[in-house]
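All remarks here apply to the structure that follows.
Each chain gets a letter, A, B and so on, in the order its sequence line appears, and its residues count up from 1.
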Amino acid sequence: MSGLISLKKIKRHYDVGGEKVRALDGVDLTINQNEYISIMGPSGSGKSTLMNMIGCLDTPTEGTYEFEGELVHEMDDDQLASIRNRKIGFVFQTFNLLPKATALRNVEVPLIYSNISKSKRLKMASDSLVSVGLEDRLDHKPNELSGGQRQRVAIARALVNNPSIILADEPTGNLDSKSGIEIMKILHELYTNGNTIILVTHEEDIAMHAKRIITIFDGKIKEDKINKKMTKAL
Amino acid sequence: MFSLLSESIKIAISSIISNKTRSLLTGLSIIIGISTVTLMGTLISGLDRGFDRSMDFLGKDVLSISRWEWFGDLEWWEVRNRPRIKIDYIDKIKERSKYAEAVAPVLQRGASLSRGDLGARSQIFGTTPDYLKTTKYGVAEGRFFTKGEDRSGARVALLGHDVAENLFPNQDPIGKYFKIDGIRFKALGVMEKQGKFLGLFSFDTQVIIPSGTSQRLFSKRGFLRISVKVPEDKISESKDEIYGIMRQIRGLKPKEKDDFAVNQTEAFESTYNQIKFAIGGVGIFITVLSLVVGGIGIMNIMFVSVKERTKEIGVRKAIGATRNMILTQFLMEAIMICVIGGVIGLSFAAVLSLIINQFFPSTMPIWLAITSISLSVFVGVIAGVVPSYRAAGLDPIDALRYE
Ligand SMILES: Nc1ncnc2c1ncn2[C@@H]1O[C@H](COP(=O)(O)OP(=O)(O)OP(=O)(O)O)[C@@H](O)[C@H]1O
Ligand SMILES: [Mg+2]
């Protein structure tokens, strides 16, 4: 296990009408390769903010963030975009696919941004879709797919650039329990294949799929423990 | 970078297709603007070419003495009251002028031509062999008539190119006979093809006969002008001289106004330039107006498009699009709307100029097509830059959260 992510004294404050909202209020966190972490906590506790911070969508008001030895808190917009493109795979609660594009095109987009040739792109994108079991849905648009299938397209998109870490913010929040379990199976598979996964959820039984469970409250880490009774989605 | 660009174009096109009506409506002003500018350019460049050819046709170094100015502002009755130009002026001018290289009458009137079943309405004009020196166009086949034939009033004629083809289809007309207003004439030759003057009328449909013959056979009260060939480098001196001689002939006192006109192609040129500037001015006004209106419309649509696609922008940023990539995407969309509008406008203008070409010389030069497409790109960039910049600058988290 080697150090992948290191957050030190991370603060993220918002000014809302002169009042300070401390979305993150001094978070210290180290994440190693091939960890499976779930982040829990009540609504408004700062889970998404932390996730966005780790995913380089947001930069801290204070504190230092190292990602594979690079200092994220000093990066400019383009460097952040590049790190998101190459190192991070996002899976959102609302899927966030491009509505007019086919599954294949959706998965292709990150590769376009990393300037990969067309033929290589198509190969990588379809491989990725095959790995989430959508080999017969390549040419379907999001509105022609079920919720679970859409989320699998989103996972394929997150995986396509071989990221160092996969961030999933409530990935099952918009799915029925059966589709949710399918998604958890895929995540588990990714974990056993050596991927690093961080999962935000407020559902206890979803969180139990992870190896390590972090609970945050009011922008601070309240608990950080190894999950001994890890659920194996099969 | 290339794949990104082609990707941006694809995204732009698909976004335009999915908003066909909206894009078309916004592009309409661009279509109007580009068709106007192209049509105007086409017209002017066609006019220019036709004009240059037509000026050759008349000859810059030929003065034409007649009762009225080509572009005069006299009332018609003023001109009517002027004395006619008389055929005997010719000898007087020849005698007194030191510049005149050739002086020839042109006695013009309408007549009907016939040969067997074939017939045509035409203009005939009587002149002398000196006429050949006052024009660039000579005899293509056969020969011109001689001084002797002119004096004796021989019934001989030279045919304009088209007349020869009409009266003598697939035949050599030389030595053959035809009729002018029922009177038999022998064809001596065929004049060189001249084309249309300003695209309006052509000497190719006319018949030249000796002036002596014309005076004897047809009414003397036809319309007469006198063509005077002068040295090319002495045009204005010659013009002054001819004015002087004509005033002498007419016996005008120093205070009296001219009662004749000495015309020259220059008069055409200045009038032509006025027309050209008028067309250009109106065209540029319409173009600028519609491109500005179109540009504002496109800017507006782009703001709407950015707003509608805020979430998409957030997603794209989350998966690694940089500012410039988003900027390129939206800028390309604005440019595409303009270029598509431009291409439609250009095609429209091209078709229209083909139709106009039936009546008037108009040809679309390639540089004009390139210019108008560049102009569309320019409008697209100007209209798209602010909305695209706004899209590029969106905060990814805010954009993702946007519903
Ligand atoms: N852009 C913003 N401006 C102001 N306050 C914000 C902003 N984004 C988040 N916050 C505040 O930060 C706190 C943490 O928000 P965050 O979205 O991280 O919560 P969360 O734990 O993900 O909640 P949920 O479970 O409801 O998704 C909240 O109090 C929220 O109001
Ligand atoms: Mg949240």
Are A/Lys100 and B/Ile17 side-chain neighbours, meaning at least one heavy-atom pair lies under 4.5 Å? no
Within 6.0 Å of NZ in A/Lys118, more than 12 heavy atoms from elsewhere: yes
Give, for atom CG of B/Asp395 and atom CG of A/Leu57, the distance between the pair rounded to the nearest 0.5 Å. 8.5 Å
Quick check on A/Arg86 against chain B: is it the side chain, the backbone, both or neither that has a heavy atom closer than 4.5 Å? neither
Find the distance between CG (A/Asn96) and NZ (B/Lys311) and round it off to the nearest 0.5 Å. 4.5 Å
Greater than 12 external heavy atoms within 6.0 Å of B/Lys193's NZ: yes
Among A/Asn85, A/Asp58, A/Asn52, which residue forms the greatest number of heavy-atom pairs with chain B at distances under 4.5 Å? A/Asn85
If one checks every heavy atom of A/Leu98 against chain B at 4.5 Å, the contacting part turns out to be side chain
Spacing of A/Ile112 atom CD1 and B/Ile11 atom CD1 [to the nearest 0.5 Å]: 6.5 Å
For B/Gly320 and A/Tyr113 the tightest heavy-atom approach is O-CB, 3.9 Å
Under 4.5 Å from any heavy atom of chain B - which part of A/Ser114: neither
Straight-line distance of B/Arg401 CZ to A/Thr94 OG1, nearest 0.5 Å: 12.0 Å
Non-hydrogen atoms of chain A under 4.5 Å away: do they reach the side chain of B/Ser18, the backbone, both or neither? side chain
Looking only at heavy atoms, what is the nearest atom pair of A/Arg84 and B/Ala321, with distance? NH2-O, 4.4 Å
Part of B/Arg309 within contact of chain A (heavy atom distance under 4.5 Å): neither
Look at atom CZ of B/Phe303 and say whether more than 12 heavy atoms of other residues, nucleotides or ligands are closer to it than 6.0 Å. yes
Heavy-atom contact with chain B under 4.5 Å, split by part of A/Asp77: side chain
For atom CZ of B/Phe277, decide whether the heavy atoms of other residues, nucleotides or ligands shown that lie under 6.0 angstrom number more than 12. no
Sidechain N-carboxylate O distance under 4.0 Å for B/Glu7, A/Arg105: yes
